[in-house]
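Working notes, structure below.
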Number of protein chains: 2
Amino acid sequence: MDLYHVLTDDEGRLSDMDRKLAQLVLQDVDFATGSSISELAERAGVSPPSVTRFCRRVGCSGFSDFKVQLARMTYVGLRYLRPEVPTSTPEEVAEDILTKAQNALFHLHQQLDPRLLNEAAQILRAADFILAFGSGGNSSMISSELQNRLFRLGCNIHNSSDRAMDLMLAAGAVEGTVAIVSSMTGRDLDLVRCLELMRQRGVPTIALTQSGSPVARAAGLTIPIDLPEGRNIFRPTSTRYAYLAVVDMLANLVAYADRPRAIAVLRRIKEELVRSRDGDDRQLLGD
Amino acid sequence: MDLYHVLTDDEGRLSDMDRKLAQLVLQDVDFATGSSISELAERAGVSPPSVTRFCRRVGCSGFSDFKVQLARMTYVGLRYLRPEVPTSTPEEVAEDILTKAQNALFHLHQQLDPRLLNEAAQILRAADFILAFGSGGNSSMISSELQNRLFRLGCNIHNSSDRAMDLMLAAGAVEGTVAIVSSMTGRDLDLVRCLELMRQRGVPTIALTQSGSPVARAAGLTIPIDLPEGRNIFRPTSTRYAYLAVVDMLANLVAYADRPRAIAVLRRIKEELVRSRDGDDRQLLGD
DNA sequence: CCGATTCCGGAAATTAATTTTCACCCAACG
DNA sequence: CGTTGGGTGAAAATTAATTTCCGGAATCGG
């Protein structure tokens, strides 16, 4: 399924010739997708049958299928293969950012476990009160986004990006509270402390973070978001798209868990908005 | 080049049969990319040569090239074609959200004018002080994100999501100020008022909004973000990804406009962060 | 309304590409 | 040193794509 990983041969499954081909293909994906089997074979210095065999070994049904898979992979992964393209013109910057964002979403898709997501949504749904923590430019955006999305669904929620405040909130959490935290590095020790405090007191905790990190270990339920960091492609900047998508998903699932309530609240908010504007009702359809 | 638009036949350039084929292809891209020319021809009820001719007419060199182009296009646009998949299971919700987000990015890519982007970045770069406005759950995220990204690059910037405050800030803006506003609907009349106030006073204004909207008309420079709203696919929820990407691009371009300054500021911030954490230096590499 | 012309699509033939078969070589191992 | 297994390329076979050519339908002019 994941052609890219097969081609990079992480497991060493490929023979010498296969590796030569894989390298050639990765080096110039456009050529590979555009050429015929014999052109590719010639450039690689092998025979056409070898190319066919190669395609089979990497999991495709034939050369034609290989090209399609390759093309499908590239759109998302092109920059990933040649990461250090210097980006300086506005076109390049735009392309680069979009590709990285799409890459982040793509990888999220590959690793996401919907059951965990759903479990988290059910916990949030059942909460009397939700605390959303996350500090630093990136995670604070996520926690405020959680607040923004969930209050519309009838959840009582407060978000905080203030570490000192977080600790107090955590220490003072009463029964019925649920905490959801975000940390891209997973190494925010104040946050870990908050999670520990709350777990001791029986407050369910959900973390959006790197798996295996201190924050992940301290949380009751972790939704792991692990984007490859190789070659500095997945910096927080692009990782945010994945986090944001997870928030979107959680909000959707919470909404679906109790549609009537969500619809009722959304409608009230919408009415209020329409009243304060020039009849524009699009702003809030959000979900 | 842009296969998707040719296939949707916006210009009515295609013949009846071509349209039939285009529709079939769009309906089931997976089948089209996976099948042979005769399979596709049979399912469409046409002859293989017609398929070849069709491929030529839509700008490909042949059927094989067509499949590759299609595969390249698809990954991003797939769900757009079958939008009303009812989403209820966690898997479907996850898939749906990711696809919509990728769609939004895809469309942004298609319509974005990098020159405008660069122009905006240069204006921001030259500003003594930047005001970032945007209210409501979505645009307030964007304005706070602008603040978060640009202050790291050495820009003096303040963001506000408070309409009353916005008006005061606009009225009081001194020379050297630049305003950048975000409005997904473009119908925020308070924002329009702010823009008018500032333009009168010679304060350059940049808007991220729908083209042709009141906000767009009131702004000095508009970076249009028009995502198709048909069939409710591009609700604000997914449009945010596009807005966020534009912020990313602007931040990048501002940074590149004066690398030394950006690097110096980033380094200072990073040092501070590392000191306050357990040596984790990844959080801020942002760009 | 009729005939000619043009455009378009399909059948068959042609051509090109891919895949299979088969024979060979090299390396590893008995 | 021979044998066996894995892998390779040449050639053949097969399959797929494309071109050619012809026929039919629509259109326009008479």
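Only this structure's heavy atoms are used, side chains among them; waters, hydrogens and symmetry mates stay out.
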Subject >> Sidechain-backbone polar pair: B/K67 side chain, B/S36 backbone, donor-acceptor under 3.5 Å >> reply: no
**OP:** Using a cut-off of strictly less than 4.0 Å, decide whether B/S50 has a side-chain nitrogen or oxygen near OP1 or OP2 of C/dG10.
**Re:** yes
Original post:
Between A/F54 (CZ) and D/dT8 (P), how many Å, whole number?
Top reply: 12 Å
Original post:
Can you name the residues that form a side-chain hydrogen bond (donor to acceptor under 3.5 Å, both in side chains) with B/T52, not counting sequence neighbours?
Top reply: none
**OP:** Without swapping roles, check the side chain of A/S183 against the backbone of A/T209 for a donor-acceptor pair under 3.5 Å.
**Re:** no
Original post:
Can you tell me if B/Q111 uses its side chain to pair, donor with acceptor, with the backbone of B/D226 under 3.5 Å?
Top reply: yes
Subject >> Contacts of type ring pair (Phe, Tyr, Trp, His ring centres under 6.0 Å), residue B/F66, not counting sequence neighbours >> reply: B/F54
Original post:
How does protein reach along nucleotides 11-22 of chain D, written 5' to 3' as B (base within reach of a heavy atom under 4.0 Å), S (only sugar-phosphate), or - (no contact)?
Top reply: B-----SBB---
Original post:
Heavy atoms under 4.0 Å, any strand shown: does B/V46 hit a base, just sugar-phosphate, or nothing?
Top reply: sugar-phosphate
